[in-house]
Enquirer: 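The structure follows.
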Amino acid sequence: LKEPKAALRDAVAAMDLEHSAAEALALDALTELGFKDLSHKILEPVGSGHILDPAAPLVLRCVDRWVSEIVNHFSEADAETELPMPIHMPSDRYLDGLDEETRAAVIKKYIPDEPFGGTAVISNPTECLELMKKWEEVFSGMEFQSRRKALWDRRDLSFPQRMMETRTMVAESLAKVLEPMGFAPGRPGLARCVKQMQIHWSTDKNCANKALDLEEMADV
């Protein structure tokens with residue numbers, strides 16, 4: 001295979017759509033990548049419909065990300081460690097089909113440089129999970145739920161405007177949790193925090209499950 005990572009991506013996507021004939025290609029690709037002995041472990045979750053984004057099954061960026069994490073993960077980690085969890089992001093549905101260089105150039109041209117998000121660091125899954133539990137306390141409180149309801153009751157906002165207002169509300173509500181840790185005020189600090197959390201969402205099952213709970217509570 002000339003491009004085993006791309007072949008593995010295509011095979012994983014096909015298998016997740018229940019095309020079992022693609023398994024042979026996936027096994028060949030994993031062999032080329034040096035993971036022959038781990039192939040059955042790596043392919044165990046494939047075919048359950050969890051790798052592809054169910055809302056956009058033809059978008060392969062989430063599969064690309066999962067394959068890259070698999071390759072990086074097992075190149076450095078012990079074979080007994082857990083598989084990275086697949087992460088689906090709404091942004092995956094945009095610029096699909098572009099190579100990484102072109103995608104990065106488009107984002108750099110049309111999206112402003114990321115503002116300073118602070119200096120705080122989430123070092124491990126335990127810290128991530130403990131922080132998310134604090135988020136859960138805030139999101140389940142009467143004040144947050146009242147603001148959330150008032151926002152969704154508004155009829156003067158488009159969906160993008162509503163999502164923007166929701167993120168601002170979340171950042172303001174979490175200020176007392178995030179700012180003492182060293183995250184910057186407002187949405188820049190929240191963005192830095194989420195970016196660091198995503199690392200642990202993709203490698204730790206408890207963190208990934210808690211992230212899904214918080215997404216439902218906050219509507220983000």
Side-chain angles (χ1 to χ4, degrees), residues 45 50-51 53-55 61-62 65-66 68-70 72-73 76-78 80-93 107 111-154 157 159-220:
H50 294 152
I51 309 298
D53 184 344
R61 186 161 176 78
C62 53
R65 180 168 51 248
W66 187 77
S68 294
E69 288 175 353
I70 286 288
N72 294 335
H73 188 68
E76 302 172 359
D78 188 274
E80 297 301 318
T81 56
E82 291 188 9
L83 292 172
M85 296 289 289
I87 299 296
H88 302 138
M89 302 178 183
S91 59
D92 290 342
R93 301 168 197 172
I107 291 174
I111 298 179
D113 291 338
E114 185 175 313
F116 178 66
T119 58
V121 174
I122 302 172
S123 303
N124 54 59
T126 300
E127 289 183 8
C128 181
L129 188 60
E130 288 303 312
L131 179 55
M132 286 196 290
K133 288 179 180 177
K134 293 180 181 179
W135 285 33
E136 191 171 36
E137 291 178 8
V138 173
F139 292 165
S140 60
M142 288 292 294
E143 181 181 354
F144 180 85
Q145 289 300 318
S146 177
R147 290 186 65 183
R148 173 175 171 267
K149 183 179 185 304
L151 180 59
W152 280 95
D153 284 344
R154 290 179 59 179
L157 298 175
F159 182 76
Q161 290 173 326
R162 193 183 306 279
M163 294 307 297
M164 190 77 71
E165 289 293 325
T166 299
R167 293 189 183 100
T168 299
M169 177 188 67
V170 169
E172 292 173 352
S173 300
L174 293 173
K176 292 182 180 179
V177 175
L178 298 180
E179 290 180 29
M181 297 176 61
F183 290 104
R187 287 169 51 194
L190 177 64
R192 175 182 172 86
C193 182
V194 170
K195 187 174 183 179
Q196 293 190 30
M197 282 180 164
Q198 286 173 341
I199 297 171
H200 305 298
W201 295 346
S202 66
T203 57
D204 185 271
K205 187 174 183 179
N206 290 330
C207 289
N209 289 337
K210 182 61 69 177
L212 292 175
D213 293 340
L214 294 177
E215 183 179 22
E216 291 183 4
M217 295 177 71
D219 289 328
V220 292

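Values reported hereafter were calculated over all heavy atoms of this structure, with side chains retained and with hydrogens, waters and symmetry mates removed. In this chain, numbering begins with 1 at the start of the sequence shown.
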Enquirer: Kindly compute the distance separating CE (Met197) from NZ (Lys195), expressed to the nearest 0.5 Å.
Expert: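 Rounded to the nearest 0.5 Å, the CE-NZ separation comes to 15.0 Å.
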Enquirer: Using side-chain contact (heavy atoms from CB on, under 4.5 Å), reason through Asp213 and Phe139 one step at a time and then give a plain yes or no.
Expert: CA-CA 10 Å; Asp213 293 340; Phe139 292 165; over 6 Å; no
Enquirer: Enumerate the side-chain hydrogen bond (donor to acceptor under 3.5 Å, both in side chains) contacts for residues 169-178, please, sequence neighbours excluded, ordered by first and then second residue.
Expert: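 Only Arg147-Glu172 qualify under side-chain hydrogen bond (donor to acceptor under 3.5 Å, both in side chains).
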Enquirer: Check whether Arg192 reaches the backbone of Ala184 with its side chain - one donor and one acceptor, N or O, closer than 3.5 Å.
Expert: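 Between the backbone of Ala184 and the side chain of Arg192 there is no qualifying donor-acceptor contact (under 3.5 Å).
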Enquirer: With sequence neighbours left out, what residues match Glu69 under side chain to side chain contact (heavy atoms under 4.5 Å, CB included)?
Expert: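 By the side chain to side chain contact (heavy atoms under 4.5 Å, CB included) rule, Glu69 matches Arg65, Pro84, Ser202.
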Enquirer: Enter the distance from Leu151:CG to Thr166:OG1 here, rounded to the nearest 0.5 Å.
Expert: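 If we round to the nearest 0.5 Å, Leu151:CG and Thr166:OG1 are 4.5 Å apart.
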Enquirer: Can you name the side-chain hydrogen bond (donor to acceptor under 3.5 Å, both in side chains) partners of Thr168, sequence neighbours left out?
Expert: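 Thr168 satisfies side-chain hydrogen bond (donor to acceptor under 3.5 Å, both in side chains) with no other residue.
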Enquirer: Roughly how far, to the nearest 0.5 Å, is NE2 of His200 from OG1 of Thr126?
Expert: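 So the OG1 of Thr126 and the NE2 of His200 are separated by 9.5 Å.
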Enquirer: Identify, with sequence neighbours excluded, every residue that meets side chain to side chain contact (heavy atoms under 4.5 Å, CB included) alongside Asn206.
Expert: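 Per chain and number, Asn206 pairs via side chain to side chain contact (heavy atoms under 4.5 Å, CB included) with Leu129, Asp204.
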Enquirer: Give me the atom names and distance for the closest heavy-atom approach of Met217 to Gln145.
Expert: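 Reported closest heavy-atom pair: O-NE2, 3.8 Å.
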Enquirer: What pairs of residues pass the side-chain hydrogen bond (donor to acceptor under 3.5 Å, both in side chains) test when at least one of them lies in residues 130-143, not counting sequence neighbours?
Expert: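 Every pair satisfying side-chain hydrogen bond (donor to acceptor under 3.5 Å, both in side chains) with a residue in residues 130-143: Glu136-Lys210.
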Enquirer: Work out which heavy atom in Arg187 is nearest to a heavy atom in Arg167; give both atom names and the distance.
Expert: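 Looking at all heavy atoms of both residues, the shortest contact is CG-O, 4.0 Å.
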Enquirer: Supply the atom-to-atom distance Leu190 CG to Glu179 CD, rounded to the nearest 0.5 angstrom.
Expert: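 Reported value, rounded in 0.5 Å steps: 11.0 Å.
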Enquirer: Looking only at atom types and distance, does a side-chain atom of Arg162 sit under 3.5 Å from a main-chain N or O of Arg154, one as donor and one as acceptor?
Expert: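 Checked: pair present.
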Enquirer: For the atom pair CG (Leu131) and SG (Cys207), what is the distance rounded to the nearest 0.5 Å?
Expert: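 Taking CG in Leu131 and SG in Cys207, the distance rounds to 10.0 Å.
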Enquirer: Please give me the minimum heavy-atom distance between Cys128 and Trp201, naming the atom from each residue.
Expert: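 Nearest heavy atoms, Cys128 then Trp201: SG-NE1, 4.0 Å.
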Enquirer: Tell me, please, which residues at least two apart from Leu212 pass side chain to side chain contact (heavy atoms under 4.5 Å, CB included).
Expert: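 With neighbours one apart ignored, the set is Glu215.
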Enquirer: To check you understand the geometry: which heavy-atom pair defines the closest contact between Pro180 and Ala175, and what is its length?
Expert: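 Heavy-atom minimum between the residues: CD-O, 3.6 Å.
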